[in-house]
Amino acid sequence: MIAHINIFGDEQMIKDHLYGTAQRAEEFAKEFGCSDIGKFCGMLHDIGKYSKDFQKRIRNPKIIKKVDHSTAGAKEAINMSKNNIPLAMVIAGHHSGLMDGGSNKFSYEGDGTFFGRLKNQIPDYEEWKKEIKIQNIEIPSFCTKGHFRNFTTAFFIRMMYSCLVDADYLDTESFMKRGQINRGQYSSIEELILRFENYIKKWFNVKKSENDRQQQLCDKRNQILKNCLQKGEDLNRGLYTLTVPTGGGKTTASLGFALKHMKSNKMKRVIYVIPYTSIIDQNAMVFCDILGEENILEHHSGVLYEISENEETDNKLYQKALATENWDMPIIVTTAVQFFESLFANKSSKCRKLHNLANSIIIFDEAQTLPIPYLEPCVAALSELVAHYRSTIVLCTATQPVLDSMFQKYLPDYKIQEICNDVTELYKQFQRTKIRDRGTLTLEELTEEIKERKQILCIVNKRKTAQELYSLLPQEGTFCLTTLLYPMHRKEKFIEIKNRISQGLPCRVVATSLIEAGVDLDFPEVYRQEIGLDSLIQSAGRCNREGKRNIEQSNVFLFQLENDKSTFFGQNIDALKETLRHFDDLNDLEAVSFYFQFYRKLLGEENLDQKKIMDAFERGIEGSVFPFSTVSRRFKLIENEAKTIYIPVDEAVYLVDEIYKGRYNKELFRKLGQYGVSVFSNHFKVLWETGCIEKIDDEIFILRDLNQYEKDTGLQLDVDTGFGIFV
């Protein structure tokens, strides 16, 4: 009996697909000690295809519009044991997504819940027993222990779901393309470490500087790096902080720790979680230089396709769905939005990659930006990865957010350990700037002060402000950096800016927060619009970075912008002002700790889980257990959901043309991400209504009026022209 038919007319037998999927799922789940469970789910997931109705449909999709083939495996799992409900949920949702559990007593057929699904009348599939033999298994004991066992079980369900859907997609892709899939062609950990060691040799053999202060900073960076390399070899899997002052080289040092830790503990990959899409550019460029572009996945907001059971015979749609990202490379660089929304998602396109978090080192760069309204469920999820999935978590930043007590709640058997030695002393040695209060400035006054400087960085809170300020400045040697530039364009500008600074040429940069972290630029002075302490300290890290100038002359001016009515950062600013009342030196580690504790006090404990995610899993919602679908809708780090618009320039012209021809694949989407700009709904609406963008499908939009993309400022916020495209 047939499971799939590809475009060449080849037929894949159900038995072959079940064994192929089971083998892959077994391998994935082995990373966290659940290989037998992975195999169990793989063997049962498609047994419903043994029905006569499905066989009729697959040979002629027009005969029967829909056949439920996922419920069969779920029913068989529960028939073997009532304890298999978590695995039955995995199997039942492998196409439709993880459903709300509902309740055995009150759910009804067709209500969209798991227990309602079990009451579906489905076609006879008994033929499966002639070809498939399978024994029952036990779910892990950790699902029945601990104070948060329902959350733990829900997390386990999602991880097993990831193993199954990725295995299912990969086996199907292999068949659909007659085995012509190119995956796993990456360097070994030994090769990665060798490349890293060759790269850092230059730092230890560098000619001594005549500037004593500059030489001290170089020596301290090397000391931090050596310390991280040694700790990477010595430490076991666990929960760590890496607290490094701005300018201390934490990006390279953390990568060194991760590679050594990866080899020492026989782990699979390194995943960098970055707060902003823009910082991905910088980290990924560093990693590509060190380890080679072929080993780095730079995962910006991606293209996501779902495929239902009703659409399974649509080869074109299947090709799109198979191209979704699964994080199978050695080094992944992604955003906090991608990472955490995937952890609480319920659809295959987002969950597919989750099993690759197991037995991996996960580094949170700028850990102070962990999402406060969802902090409680985020910490709980990270704790699950450490406790049960053999992951190492590293909170990496210059301004640690003081999360010890919260992690202790979910990881009572673990203690956060600091990787870096003598942190307090390091902060004193890396003092390179003076933070001064500039007061309130009009936009015109700010413009004049920037004009007076040959090299200056000014960071503002809004993209619109950045574009307005840029328009008032002389264009020669002036740059505007915001997320309205597509990633490849930002990279080009960063290189140009760095060259101008090093050559002593005029260089005035107006930017949003994208430049305040993970960016190796060194300005004599920095202006920073009023913001929280963590952002202020990060901004200061772009001033006198190399210690070439006197501290008293390396000014970081904190200013308020007159007539800026935004209240978005109100509580951050209130916490900063309170910290200023207690501490003269804002770089003091005690000041940083005070700031975060006061900030969270302002918010209140109840606002660390604003959408009641933990309650939803521990207590259920309106009688529904394991409310996966409801939680997925609630868990949105960015409430105003963004859409990505691709800019068809340079290589993107070819990539877009490939999409028009229906040639969807993962490599294409990875490259196309370098030409995408994310916009919020109001901006998207204007671009759409003025005919500036073309819709290829529900996931892909192309900018067709290239007048709306300026070479200096990127995608324009004020759209006043356009032309219509009809497809």
Under 3.5 Å: donor-acceptor pair, side chain of [X], backbone of [Y]:
X	Y	value
Arg221	Gly247	yes
Arg432	Ser554	no
Thr369	Glu366	yes
Asp585	Asn587	yes
Arg500	Glu496	no

>> Go through it in stages, so that I can follow the logic: the residues are Glu445 and Arg438, the test is salt bridge (Lys or Arg N to Asp or Glu O under 4.0 Å), and I'd like the CA-CA distance, side-chain angles, deciding distance and then a yes or no.
In response: CA-CA 11 Å; Glu445 289 170 336; Arg438 186 63 189 84; over 6 Å; no
For a quick test of reading the model, state the closest non-hydrogen atom pair linking [X] to [Y] and the distance between them.
X	Y	result
Asn295	Leu192	ND2-CD2, 3.6 Å
Val677	Leu485	CG2-C, 4.0 Å
Ile647	Ala652	O-CB, 3.4 Å
Leu484	Tyr709	O-CE1, 3.5 Å
Ala398	Thr243	O-CG2, 4.5 Å

Just distance, no hydrogens or angles: give the donor-acceptor pairs under 3.5 Å from side chains in residues 469-476, sequence neighbours left out.
from   : atom 1 : to     : atom 2 : distance (Å)
Tyr470 : OH     : Gln475 : OE1    : 2.8
Tyr470 : OH     : Asp712 : OD2    : 3.3
Ser471 : OG     : Glu468 : O      : 2.6
Gln475 : NE2    : Leu473 : O      : 2.8

Under 3.5 Å, is there a donor-acceptor pair linking the side chains of [X] and [Y]?
X	Y	value
Asn682	Lys685	no
Arg463	Thr482	no
Thr241	Gln400	no
Lys220	Gln223	yes

> Between Leu608 and Met406, is a side-chain contact (heavy atoms from CB on, under 4.5 Å) present by the stated rule, with each step listed?
Replying inline: CA-CA 11 Å; Leu608 303 183; Met406 189 173 289; 3.5 Å; yes
Output the distance between atom [atom1] ([X]) and atom [atom2] ([Y]), rounded to the nearest 0.5 Å.
X	Y	atom1	atom2	answer
Ile200	Asn198	CD1	CG	9.0 Å
Leu225	Ser254	CG	OG	10.0 Å
Ile456	Glu525	CD1	CD	5.0 Å
Ile435	Leu536	CD1	CG	4.0 Å
Phe559	Asp564	CZ	CG	9.0 Å
Leu395	Asp365	CG	CG	11.0 Å

With a 4.5 Å cut-off on side-chain heavy atoms, are [Y] and [X] touching?
X	Y	value
Gln708	Leu703	yes
Asn461	Leu561	no
Asn544	Asn550	no
Ile362	Val273	yes
Gln368	Gln538	yes
Leu375	Leu403	yes
Cys543	Thr433	yes
Thr252	Phe196	yes

Is any NZ, NE, NH1 or NH2 atom of the basic residue among [X] and [Y] found under 4.0 Å from an Asp or Glu carboxylate oxygen of the other?
X	Y	answer
Glu552	Arg436	yes
Asp522	Arg549	yes
Lys451	Glu448	yes
Arg195	Glu294	yes

>> According to salt bridge (charged side-chain N to carboxylate O under 4.0 Å, His left out), who are the partners of Lys454, at least two apart in sequence or on a separate chain?
In response: none
Crowding at [atom1], [X] (>12 non-hydrogen neighbours, <6.0 Å):
X	atom1	answer
Asp584	CG	no
Glu492	CD	yes
Glu418	CD	yes

> Hey, what's the ring geometry for Phe684 with Phe701, parallel, tilted or perpendicular (30° and 60° as the breaks)?
Replying inline: perpendicular
>> Would Lys493 and Phe479 count as a cation-pi pair here, with the cationic atom under 6.0 angstrom from the ring centre and within 45° of the axis?
In response: no
>> Is the terminal nitrogen or CZ of Lys202 (NZ for Lys, CZ for Arg) located under 6.0 angstrom from the six-membered ring centre of Tyr199 and within 45° of that ring's axis?
In response: yes
> Between Phe364 and Phe340, is the gap from one ring center to the other below 6.0 Å?
Replying inline: yes
> Between Tyr486 and Tyr675, is the ring centre distance below 6.0 Å?
Replying inline: yes
>> With salt bridge (Lys or Arg N to Asp or Glu O under 4.0 Å) as the criterion, how do Glu452 and Arg508 come out once you've worked through the C-alpha distance, each side chain's angles and the decisive distance to 0.1 Å?
In response: CA-CA 10 Å; Glu452 291 171 4; Arg508 304 174 189 90; over 6 Å; no
>> The test is side-chain contact (heavy atoms from CB on, under 4.5 Å); show your working for Val270 and Phe287 and say whether it passes.
In response: CA-CA 11 Å; Val270 182; Phe287 299 155; over 6 Å; no
>> Tell me every residue that passes side chain to side chain contact (heavy atoms under 4.5 Å, CB included) with Lys231, counting only those two or more places apart in sequence or in another chain.
In response: Asn227, Leu235, Phe257, Ile419, Asn421
> Looking at residues at least two apart in the chain, or sitting in another chain, which of them share a ring pair (Phe, Tyr, Trp, His ring centres under 6.0 Å) with Tyr527?
Replying inline: Phe557
>> Suppose we screen for side chain to side chain donor-acceptor pair (under 3.5 Å). Which residues come up paired with Glu530, at least two apart in sequence or across chains?
In response: none
>> For a side-chain contact (heavy atoms from CB on, under 4.5 Å) check, start with the C-alpha distance between Glu710 and Gln467, then their side-chain angles and the critical distance, and finish with the verdict.
In response: CA-CA 11 Å; Glu710 294 285 342; Gln467 288 190 346; over 6 Å; no
> After noting the C-alpha distance and the side-chain angles of Leu586 and Leu580, does the key distance pass the side-chain contact (heavy atoms from CB on, under 4.5 Å) rule?
Replying inline: CA-CA 7 Å; Leu586 291 177; Leu580 281 166; 3.6 Å; yes
Side-chain donor-acceptor pairs under 3.5 Å in residues 590-604, sequence neighbours left out?
from   : atom 1 : to     : atom 2 : distance (Å)
Arg600 : NH1    : Pro401 : O      : 2.8
Arg600 : NH2    : Pro401 : O      : 3.0
Arg600 : NH2    : Val402 : O      : 2.5

